[in-house]
Each structure stands twice: as C-alpha cells, then as structure tokens.
Amino acid sequence: MHALLTDLYELNMAASYLRRGMTGMATFSLFVRAVPPARGFLVAAGIESCLDLLQDFQFEEEDLRYLRDVLGFKAADLEAFRRLRFTGDIWAIPEGRVVLAGEPLVEVTAPLPEAQLIETFFLNQVTFETAIASKAARSVVAAAGRDVVDFAFRRTQGIEAGIDVGRLSSIVGFAATSNVEAARRYGLTAAGTMAHSYIQAFANEIDAFRAFAQDFPGRATFLVDTYDTLQGVRRAIEVIQEFGLAGRLGIRIDSGDLDTLSRRSRRLLDRAGLNSVRIFASGGLDELSIEQLVRAGAPIDAFGVGTRMGVSADHPYLDTAYKLVAYAGRPVMKLSRGKVTEPGRKQVFRSTRPFADSIGLHEEATPRGRERVLEPVMLQGRRAASRTTVADAHSRFTADLSLLPKTALRMRTPVAPIARLTPALRQLTATTRRALVGAAISERRAGPSGRIRKAAPRRR
C-alpha cells in the first residue's frame with residue numbers, strides 16, 4: 001500500500017504518537033451511522049480491497065523525501081515511518097453479508113500509529129464499495145428473478161470505480177457486466193450487444209442487422225429502437241429467419257414506453273415462432289423503474305442498469321465513521337452531540353429466524369441461537385485466509401437476503417431492521433460515560449492550575 005494514500009492529519013497524529021511512545025494496542029471500529037431512508041439494508045463490501053494493499057504497507061524512500069522536503073517532517077519522524085509496517089489484527093463482516101446501521105463492518109486492533117494511519121484508505125474503500133453493493137442489490141430484488149446486467153462503466157466516477165462496480169454488482173447477483181476488464185479480472189460473464197452508432201453507420205437498419213448476424217451468429221442481440229422500434233423488431237425477425245440463427249438471441253429496447261413496446265414486441269416474436277428470443281430493456285433504469293415494469297407484467301427478460309446504479313445516484317455516499325473505541329486496555333468513547341459512540345472491541349450476533357442483530361462485546365459468549373458475524377481476516381499483519389471470491393460473497397448475500405423481513409426489501413419506504421445493544425455493551429457504555437463526565441467535571445473544577453478550586457462563599 002502506498003503509505004501516502006491518507007490525509008495529512010493522519011500523518012500528523014501518527015508522528016505525534018510515535019514521538020511520545022504511544023504505541024499501545026488500539027481498536028478502531030468502522031461503521032455506518034445510519035442507513036439512508038431509501039435503503040432497507042446494506043451489503044458489506046470493500047474489506048478485500050483494503051487487505052490487498054495493507055499487506056504491503058510501507059513508506060518508500062520517495063514518500064519520505066516528500067514528507068521531509070515539502071511537509072517538513074523531522075528526521076526522527078521519517079525514521080519511525082521508514083520502520084513502520086502494519087502488524088495488527090483485523091476482524092470484519094465478510095463481503096456480501098447484510099449489515100445494519102451501527103454495526104462494525106471492520107474492527108482494527110493494532111499499535112495506535114498503525115491503526116490511525118489506515119483510517120482514510122479504509123473509509124474510502126469500505127464506504128464506496130458498500131454504497132454501490134447496497135444500491136445494486138436493490139435492482140436484483142426489484143427484478144424478481146429476471147437477469148440484470150451492469151452497464152455502468154462509461155458513467156462511473158473513474159476507471160477503477162468502474163471495475164469495482166462490475167465485481168460488486170456480481171456479488172449481489174447481476175448476471176453479467178459490459179466491462180470486459182472487470183470480467184477478465186474477476187472471472188465474470190461479459191455481455192454486450194451493439195450501439196445506435198453501429199446501426200447508423202450502415203445505409204439501412206436491416207443491413208446492420210445482417211452484418212451483425214454474420215459476424216456474431218451465436219450471440220446476436222439486435223438493438224431495435226434506433227428509428228422505429230416495432231419496425232426494428234420486424235427486421236430483426238426477418239434476419240433471424242433469413243440466417244436460421246439459434247442460441248442466445250435477443251432484441252434490446254433502449255428508449256420509449258418499455259412496457260407497451262415490450263408487449264407489442266413479444267407478440268411479434270411469438271407470432272413468428274421465436275418464443276425463445278429474449279427481450280432486453282435498458283435506458284436510464286434503476287430499481288424503481290424495474291419494479292414498476294415487473295409489477296405491470298411487462299414481458300422483459302433482462303434489464304441493463306448503468307449510471308444510476310454505478311454511482312448510487314439517489315444516495316451516492318454513506319455516513320461512515322472510523323472511531324477509536326479502546327486504547328491501552330481502557331475503553332474510550334465519543335460524547336459529541338449526535339455522534340456518540342459505544343466503547344470497546346465488539347462483535348455482532350445474528351439470529352436468523354426471525355432476522356435480528358445485536359451488537360455486543362468481542363469477548364462475550366455467543367447467545368443461544370445466534371452466530372458471530374465478524375470474522376478474523378488479518379492476524380499479525382497477514383491475511384488469515386485467501387481472498388474471498390465473488391462466488392463466495394454471492395452465496396453469503398443470497399443466504400442473508402432470504403432472511404430479511406419483507407419491509408426491508410421494499411423499493412419505496414423500506415424499513416431497515418435495527419441492531420440492538422447487548423446488556424454487557426450497554427453497561428460498558430454507561431460506565432465509560434460516567435467516568436468521562438466525572439473526569440470532565442473534575443477538570444473544570446481544578447481550573448488551569450490543576451488544583452481544586454474552593455467554592456465561593458454565599459452572599460447573605
């Protein structure tokens with residue numbers, strides 16, 4: 001991992017810790033403060049990207065020169081950074097699992113400077129990937145068993161983001177991606193048809209269809225809405241029959257009234273005896289429009305979903321936090337209004353019938369009928385297991401999805417389940433709060449000198 005993939009204040013704090021020998025074990029929790037109103041659940045993602053880079057975490061000589069020459073860090077700081085490696089443990093909710101607000105997606109336990117330095121990168125990766133996976137999952141739910149294909153690459157906010165979207169959408173059940181590099185890198189199915197420019201490049205539509213059928217006879221899907229959609233369907237039928245095409249054939253409608261056009265197209269195909277030719281719909285779709293089409297009974301076999309999924313257009317971020325919860329053997333918490341945190345290293349306990357989560361302490365015994373959700377993914381700076389596959393993450397997702405209440409799966413006005421705190425965590429939170437409030441009161445009474453001030457005598 002490039003050690004400068006961080007915010008400057010992380011480096012400032014790490015240097016200050018190292019100067020003072022503050023290298024005791026610290027635990028940080030990464031969690032989502034609240035599930036957005038348009039979501040009934042979230043899907044954990046991003047930890048694998050973090051682990052890939054963290055194993056090789058170190059400051060290169062060019063990094064150190066920049067810190068010295070441009071940012072003015074001292075020689076002792078640079079030497080401490082040169083020796084720094086990540087040696088800690090990471091527990092995380094595995095990718096693909098359903099998560100709720102307040103639950104630690106990731107818990108990092110490491111010497112304080114190490115755990116502090118990785119905050120920015122972890123927040124970046126986990127926030128983005130969880131947001132996209134959660135958005136993509138809703139399209140899969142809305143499609144109700146019909147295929148969904150990732151068309152987002154041309155609109156994602158960056159090349160690597162586009163590759164991530166291909167993987168994340170596959171984790172939650174997309175059948176394929178248009179992104180060829182994502183398909184190659186992660187063993188996904190690549191899918192694609194043709195653009196309107198292809199049709200326009202030929203003298204007429206049927207010549208374009210004939211050329212495509214000649215070049216790709218086993219996977220011909222004809223884009224039929226360049227000029228007149230129903231006339232395009234008739235020409236696609238003519239070419240299919242002319243060439244005797246077989247295999248995975250289809251037509252794609254990318255504009256107009258998709259409900260009406262798909263019904264009329266289906267009738268034309270069926271009358272021609274082409275019952276197996278699929279209808280593919282695309283063009284600005286998201287989970288809400290997909291649900292509307294499915295509920296109406298539109299005979300659409302597959303949906304191409306692009307921009308709105310690839311940037312999570314309705315809610316392009318999550319309110320995530322990475323907070324210190326324990327240091328040097330003592331629990332710590334934040335008391336800021338509206339941003340109070342619970343102290344201590346944690347675990348999530350899940351029951352499946354019915355679905356219910358509780359957030360407790362790491363050392364608590366697993367309550368009867370529940371499972372521990374956070375797992376060790378890195379121990380002493382090394383991966384605890386091999387990189388999880390898309391198939392493994394998808395299996396986790398489908399298993400968890402089947403357990404969620406119907407209210408959480410609604411496309412409109414979903415209700416996210418709430419994770420409750422265990423009695424042990426509530427007790428630790430109350431005890432820590434009392435100690436912090438008591439210390440603050442004593443400090444105010446002591447004043448700048450540190451001595452307890454006597455109460456002023458009452459006036460009579």
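Computed from a predicted structure; not experimentally measured.
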Exercise. Using the ring of each side chain (for Trp, its six-membered ring), is His315 parallel, tilted or perpendicular to Tyr317, with breaks at 30° and 60°?
Worked result: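 Plane angle between 30° and 60°, so tilted.
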
For this session: Classify the ring geometry between Phe222 and Phe212 as parallel (under 30°), tilted (30 to 60°) or perpendicular (over 60°).
Result: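 Taking Phe212 first and then Phe222, their aromatic rings stand perpendicular (interplane angle over 60°).
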
Looking only at side-chain N and O atoms, does [Y] offer a donor or acceptor that is under 3.5 Å from a partner on [X]?
| X | Y | result |
| --- | --- | --- |
| Thr389 | Asp392 | yes |
| Arg33 | Thr320 | no |
| Arg154 | Thr307 | no |
| Thr109 | Asp89 | no |
| Ser49 | Asp52 | no |
| Arg350 | Thr366 | no |
| Thr87 | Glu114 | yes |
| Glu205 | Thr226 | no |
| Glu238 | Gln241 | no |
| Thr388 | Glu95 | no |
| Thr193 | Arg252 | yes |

Under 3.5 Å donor-acceptor, [X] side chain and [Y] backbone:
| X | Y | result |
| --- | --- | --- |
| Ser134 | Val43 | yes |
| Ser351 | Pro354 | yes |
| Arg278 | Gly250 | no |
| Thr130 | Thr127 | no |
| Thr352 | Phe355 | no |
| Gln347 | Leu374 | yes |
| Arg372 | Val348 | no |
| Asp7 | Glu10 | no |
| Ser289 | Asp286 | yes |
| Thr260 | Asp257 | no |

Can you list everything that forms a side chain to side chain contact (heavy atoms under 4.5 Å, CB included) with [X]? Sequence neighbours excluded, please.
| X | value |
| --- | --- |
| Glu60 | Gln58, Glu62, Asp63 |
| Ala131 | Leu318 |
| Ala161 | Phe128, Thr156 |

Would one find more than 12 heavy atoms of other residues, nucleotides or ligands at under 6.0 Å from atom [atom1] of [X]?
| X | atom1 | answer |
| --- | --- | --- |
| Glu363 | CD | yes |
| Arg295 | CZ | no |
| Ile159 | CD1 | no |
| Arg85 | CZ | yes |

Exercise. Sequence neighbours excluded, which residues qualify as salt bridge (charged side-chain N to carboxylate O under 4.0 Å, His left out) partners of Glu242?
Worked result: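 Partners of Glu242 by the salt bridge (charged side-chain N to carboxylate O under 4.0 Å, His left out) criterion, ordered by chain and then number, come out as Arg210.
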
Exercise. Can you name the salt bridge (charged side-chain N to carboxylate O under 4.0 Å, His left out) partners of Arg184, sequence neighbours left out?
Worked result: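 With neighbours one apart ignored, the set is Glu181.
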
Distance from [X] atom [atom1] to [Y] atom [atom2], nearest 0.5 Å?
| X | Y | atom1 | atom2 | value |
| --- | --- | --- | --- | --- |
| Leu269 | Arg234 | CG | CZ | 11.0 Å |
| Thr429 | Leu361 | OG1 | CG | 8.0 Å |
| Asp164 | Ile132 | CG | CD1 | 9.0 Å |
| Arg185 | Asn179 | CZ | CG | 8.5 Å |

Can you list, pair by pair, the side-chain donor-acceptor contacts under 3.5 Å of residues 405-419, counting residues two or more places apart and other chains?
{"from": "Arg410", "atom 1": "NE", "to": "Thr413", "atom 2": "O", "distance (Å)": "3.1"}
{"from": "Arg410", "atom 1": "NH2", "to": "Thr413", "atom 2": "O", "distance (Å)": "2.6"}
{"from": "Arg412", "atom 1": "NH1", "to": "Glu291", "atom 2": "OE1", "distance (Å)": "2.8"}

For this session: May I ask you to check whether Phe280 and Phe151 place their ring centers less than 6.0 Å from one another?
Result: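 Yes.
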
Problem set entry | Derivation and outcome, ring-ring contact (aromatic ring centres under 6.0 Å, His included), residues Phe59 and Phe81 | CA-CA 6 Å; Phe59 287 83; Phe81 285 155; 4.7 Å; yes

For this session: Check the pair Arg396, Asp400 against salt bridge (charged side-chain N to carboxylate O under 4.0 Å, His left out), reporting the backbone distance first and the verdict last.
Result: CA-CA 6 Å; Arg396 297 185 195 113; Asp400 279 357; over 6 Å; no

Problem set entry | Phe397 versus Val172, closest heavy-atom pair with distance |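 Taking every non-hydrogen atom into account, CE2-O, 3.2 Å.
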
Exercise. Per the side chain to side chain contact (heavy atoms under 4.5 Å, CB included) rule, which among Lys339, Arg337, Met333 passes with Leu335?
Worked result: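 Only match with Leu335 under side chain to side chain contact (heavy atoms under 4.5 Å, CB included): Met333.
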
For this session: Decide ring-ring contact (aromatic ring centres under 6.0 Å, His included) for Tyr198 and His196; before the verdict, give the C-alpha distance in whole Å, the side-chain angles of both, and the deciding distance to 0.1 Å.
Result: CA-CA 5 Å; Tyr198 183 83; His196 293 105; over 10 Å; no

Exercise. Is it true that the NZ or CZ of Arg167 lies under 6.0 Å from the centre of Tyr186's six-membered ring and within 45 degrees of the ring axis?
Worked result: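 Yes, cation above the ring, under 6.0 Å and within 45°.
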
